[in-house]
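Before any comments, here is the structure.
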Amino acid sequence: EPLDDEQIISFFENAEKISKKNLEKNPDDLWIKYFEALRIGYYSYYLGVKKSYIKAFEKAIKAKNLFQEIYKNNPNFYEALFAIGSYKYWKSSKLSFLTWTPLLDDEKEEGLRMLEEGALKSNYNFYLAAYSLFWAYLDSKKFKKADEISERLISRWKESRFFMEIRARALEEFDLE
């Protein structure tokens, strides 16, 4: 049975309480900060799905700022790098109608570069990084690169339905005569 909105929000709120307790005990622990930034980012995504765009954007900025703080403190924390890249890419993609104004820079290419580096060097969340990079490549119509990533993932995890699905999605973009 699917969860209702109240249950989902209560999970985010409970995770926030746990995060705050952990951060009080270990304020300099980058992994605790990372998981808090992920929590905020996932909450932002959820709010976007629910079409609460202003709140979603506020949370996304908060998550991005925390990821940037983590990366600034440790430039080898590649999980934070790909999260920043994902933010920059998708912000520019979804708000492309504003990139011609002085209000918003087009950071798609920089976001892709950060996603690529993060995906190559990430250890803990390699799957998430590769999956995020795959969808950014599809969105930017870089179908050959999306196909290459999906092929690499399938060759490594042949039985994964998750990666088979993105492989099929990549192949949809090619004319297979």
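Heavy atoms only: backbone and side chains are in, while hydrogens, waters and symmetry mates are out.
- Side-chain contact of Tyr87 with Asn65: a donor-acceptor pair under 3.5 Å is absent, judged by distance alone.
- Looking at Tyr124, Tyr34, Phe82 one by one, the single match for ring-ring contact (aromatic ring centres under 6.0 Å, His included) with Phe77 turns out to be Tyr34.
- A salt bridge does not link Lys91 to Glu110: none of the charged side-chain nitrogens sits closer than 4.0 Å to a carboxylate oxygen.
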Subject >> Pair Lys20-Glu16, salt bridge (Lys or Arg N to Asp or Glu O under 4.0 Å): steps then yes or no >> reply: CA-CA 6 Å; Lys20 282 184 179 183; Glu16 181 178 18; 3.8 Å; yes
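- Taking a 4.5 Å side-chain heavy-atom cut-off between Ile, Leu, Val, Met, Phe, Trp and Tyr, the cluster of Leu23 extends to Ile32.
- Between Glu117 and Arg113 a salt bridge is recorded (basic side-chain N to carboxylate O distance below 4.0 Å).
- In this structure, the separation between CD1 on Ile61 and CD1 on Ile40 is 12.5 Å, given to the nearest 0.5 Å.
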**OP:** With salt bridge (Lys or Arg N to Asp or Glu O under 4.0 Å) as the test, would you mind laying out the steps for Glu24 and Lys21 before giving the verdict?
**Re:** CA-CA 5 Å; Glu24 285 172 10; Lys21 285 180 186 174; over 6 Å; no
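- Under a 4.0 Å N-O distance rule, the pair Arg39/Glu36 qualifies as a salt bridge.
- Ion pair Glu69/Lys72 not flagged as a salt bridge, since none of the NZ, NE, NH1 or NH2 atoms sits closer than 4.0 Å to an Asp/Glu carboxylate oxygen.
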Distance-only check: which donor-acceptor pairs under 3.5 Å involve side-chain atoms of residues 7-14, not counting sequence neighbours?
from: Gln7; atom 1: OE1; to: Asp4; atom 2: N; distance (Å): 2.9
from: Ser10; atom 1: OG; to: Gln7; atom 2: O; distance (Å): 2.7

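- At least one test fails for Arg156 against the ring of Phe163: distance under 6.0 Å to the centre or angle within 45° of the axis.
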